[in-house]
Amino acid sequence: MLERDHSCSSSIRCPIQARPRHAEQYQEDRQPRRPRRRSQQAQDHPAIFNELCKMLDPGKPSFTPKKGKTSVVMFVGLQGSGKTTTCTKYAYYHQKKGWRPALVCADTFRAGAFDQLKQNATKAKIPFYGSYTESDPVKIAVEGVETFKKENCDLIIVDTSGRHKQEAALFEEMRQVSEATKPDLVIFVMDSSIGQAAFDQAQAFKQSVSVGAVIVTKMDGHAKGGGALSAVAATKSPVIFIGTGEHMDEFEVFDVKPFVSRLLGMGDWSGFMDKIHEVVPMDQQPELLQKLSEGNFTLRIMYEQFQNILKMGPINQVFSMLPGFSAELMPKGREKESSAKIKRYMTMMDSMTNEELDSTNPKLMNESRMMRIARGSGRQVREVMEMLEEYKRLAKIWSKMKGLKIPKKGEMSALSRNMNAQHMSKVLPPQMLKQIGGMGGLQNLMKQMGSTKDMMGMFGGGDK
Ligand SMILES: Nc1nc2c(ncn2[C@@H]2O[C@H](COP(=O)(O)OP(=O)(O)OP(=O)(O)O)[C@@H](O)[C@H]2O)c(=O)[nH]1
C-alpha cells in the first residue's frame with residue numbers, strides 16, 4: 001500500500017539561515033562583498049587557487065528550478081553518500097524560501113530508507129510519498145510525481161537507492177526511474193571523503209542518467225572534498241550545495257573560494273576574516289583572532305562582543321560565517337528587541353564575579369549564584385538561565401574555531417615557499433593528476449603558472 005502524508009503533525013522546526021555562498025543560480029543568498037584589499041585573493045591573481053576554482057566551474061550553470069513552476073529533481077549517488085538526508089535538506093532549503101516541495105522515496109533497496117525520509121519530512125512538514133510494500137521503484141516514483149504534480153507542488157524531489165557502478169542491474173533500474181519521471185535535474189550526491197573513486201563513479205552515473213549538478217556531503221568531517229574536482233570533470237556539472245552536518249539546516253549554497261581554500265589547507269575562513277575586518281574595531285582584531293584560535297569562549301568575551309554589537313551593528317554577520325551558526329541572537333527586522341535583550345544580558349553579567357566572567361565552565365554558576373546575579377541585576381533567575389544558554393550556544397560555535405591558524409606577518413611567504421608540486425599532488429584527486437600528466441605534468445603546469453610569485457599571492461601577498 002502506498003502511503004503519503006500531508007498533515008505532518010510534528011512542530012519541530014529547524015531554523016535555517018542560509019549563509020552567504022555564491023553559486024550563480026543562488027544569487028539571492030549572496031551578501032554584498034566589500035571591495036577586496038590588495039592583500040586579498042582576488043587582486044593577487046593566485047594562479048593555483050584560480051586554476052582550482054576554474055576546475056570547479058564546468059562553464060555553465062545547472063538547471064535551476066523556478067518557484068511556482070513544477071520541477072522534478074532526482075537524487076542519485078553511491079550507498080551512504082547522504083542522498084536521503086540531502087533530499088530533505090534541499091526540500092527544506094526551498095520550503096524556507098516559500099516553495100512547495102514534496103519528497104518521493106523511490107529507494108526500495110535499503111530497508112529503513114522510507115522511514116528515514118518519512119521522519120525527516122515529517123519534522124520539516126514536507127509532504128512525502130512512499131511505500132513499505134511496493135518493491136518497484138519506478139512505480140513508486142511515477143505515482144509520487146503524478147500525485148504531487150496534481151497538488152501543484154513546485155519542487156518534486158525523488159530519492160533513489162544508493163548504488164555503485166559495478167551494479168549493472170541497479171544502474172538499469174535508476175535509468176528506468178529517470179526515464180519514467182523525466183526529471184528536470186538529476187543531482188549526483190557525493191561524500192566528501194570518496195577520494196580516488198570519484199571520477200569513475202561520477203562518470204558511470206553520468207553515462208546512465210543525465211546528471212546536471214553535484215552536491216558534496218559531509219564537509220563537516222576531515223575530508224577536504226578533493227573528489228569534487230573529479231566529479232565536476234566527469235559530469236561536466238557544477239557543485240551547487242554542500243552538506244555540513246547531519247541536521248536539516250546544515251546545508252550551504254556552494255561557494256567556490258572557501259571550498260578551494262579548504263582544499264589547499266588554508267581553512268574555510270577567507271570570508272570569515274573579511275567579516276572580522278569589517279565589523280570588529282581594528283585595535284581589537286588581533287586579540288579576538290587570538291582568542292578564536294584558542295577556542296576558549298568566556299562570558300567576558302561574550303560581554304565584549306555584545307559591546308561591539310551595540311556599537312557597531314550586527315556582529316552576527318561575523319558568526320554567521322561559521323558552520324552551524326544560526327543568527328538567532330539578532331534576527332533581521334527585530335534589531336531593537338535584540339539590542340534590548342543584549343543590554344539585559346550585559347546588566348546581568350555586570351553582577352558576576354571576575355572568576356565567573358573569565359571561566360569557560362558555566363557549571364560554576366550554581367543556583368544560588370544565579371539567584372544572586374538575578375537579584376543584583378534586578379532580573380529573573382529564568383533570564384539569567386536564558387543568558388547562560390545563549391553563552392553555551394555561542395561557546396559551542398566558538399569551539400569550532402579552535403586551532404584556527406592565523407598566519408602572522410612574515411609567515412605568509414614562508415608558507416608560500418613551502419607550497420610546491422608535492423603539496424599540489426596531494427591536493428589534486430589522483431584521476432585529475434593523471435589527466436594533467438602526473439607529477440611531471442604538474443611541475444610543468446606550475447612552472448607555466450609562475451608558481452612561486454603567484455602562490456605568494458594566493459596566500460595573501462606575503463611580506464614583500
Ligand atoms: N556529518 C554529516 N553526516 C551526513 C551528512 N549528510 C549525510 N550524513 C549522514 O550520512 C549517513 C548516510 O546518509 P543517508 O542520507 O542515509 O545516505 P543515503 O545516500 O541515502 O544512503 P543509501 O540510501 O544507503 O544509499 C547518515 O548517517 C547521515 O546522517 C553531512 O553533511 N554531514
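Only this structure's heavy atoms are used, side chains among them; waters, hydrogens and symmetry mates stay out. Order of appearance sets the numbers: ligands from 1, and atoms from 1 within every ligand.
- Annotation: G82 places an N or O atom under 3.5 Å from an N or O atom of ligand 1; distance criterion only.
- Of all atoms in ligand 1, listed by their number and element, those nearer than 4.0 Å to a heavy atom of D107 are 23 (O).
- Between R300 and D358 there is a salt bridge, since at least one side-chain N of the basic residue sits less than 4.0 Å from a carboxylate O of the acidic one.
- Within ligand 1, the atoms closer than 4.0 Å to a non-hydrogen atom of G243 are 31 (O), numbered from 1 in the order shown.
- Of all protein heavy atoms, the one closest to atom 1 (N) of ligand 1 is D220 OD2, 2.7 Å.
- When E246, H247, K218, H164 are checked for heavy-atom proximity to atom 31 (O) of ligand 1, K218 turns out nearest.
- The protein heavy-atom contact nearest to atom 21 (O) of ligand 1 is G80 N, 3.2 Å.
- Side-chain atoms of K149 never come within 3.5 Å of backbone atoms of G144 as a donor-acceptor pair (strictly under, hydrogens ignored).
- If you look at K89 next to ligand 1, the close heavy atoms, those under 4.0 Å, all belong to the side chain.
- Of all protein heavy atoms, the one closest to atom 20 (O) of ligand 1 is T84 OG1, 2.7 Å.
- By heavy-atom distance, the residue among M219, E252, K83 lying nearest atom 25 (O) of ligand 1 is K83.
- Within the 4.0 Å heavy-atom criterion, neither part of E250 lies near ligand 1.
- Close placement of the F171 and F205 rings is indicated, their centers lying within 6.0 Å of each other.
- Under the rule for a salt bridge (charged side-chain N to carboxylate O under 4.0 Å, His left out), E146 has no partner lying at least two apart in sequence or in another chain.
- Each of R163, K165, M190, K206 was checked for a side chain to side chain contact (heavy atoms under 4.5 Å, CB included) with Q201, and the lone residue meeting it is K165.
- In this structure, the separation between CD1 on I156 and CG on D184 is 9.0 Å, given to the nearest 0.5 Å.
- In terms of protein heavy-atom proximity, atom 30 (C) of ligand 1 is closest to G245 O, 3.1 Å.
- In terms of protein heavy-atom proximity, atom 24 (O) of ligand 1 is nearest to R110 NE, 2.8 Å.
- Ionic pairing of D159 and K83 is not present here: no N-O contact between side-chain nitrogen and carboxylate oxygen is shorter than 4.0 angstrom.
- Remark: T86 OG1 to F251 CZ distance equals 6.5 Å, nearest 0.5 Å.
- The proximity of T85 to ligand 1, defined as any non-hydrogen pair under 4.0 Å, involves the side chain as well as the backbone.
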Exercise. Begin from the C-alpha positions of Y90 and F75 and carry the test side chain to side chain contact (heavy atoms under 4.5 Å, CB included) through to its verdict.
Key: CA-CA 10 Å; Y90 184 77; F75 279 63; 3.7 Å; yes

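- Q79 and R110 form no side-chain donor-acceptor contact under 3.5 Å, judged by distance and modelled atom types alone.
- With a 4.0 Å heavy-atom cut-off, ligand 1 is reached by the backbone of T244 but not by any atom from C-beta on.
- Using a 4.0 Å cut-off between heavy atoms, S81 contacts ligand 1 through both its backbone and its side chain.
- The ligand atoms of ligand 1 that sit less than 4.0 angstrom from a heavy atom of G162 are 25 (O).
- If you number the atoms of ligand 1 from 1 as listed, the ones under 4.0 Å from a heavy atom of Q116 come out as 14 (P), 15 (O), 16 (O).
- Residues satisfying the salt bridge (charged side-chain N to carboxylate O under 4.0 Å, His left out) criterion with D136, sequence neighbours excluded, are absent altogether.
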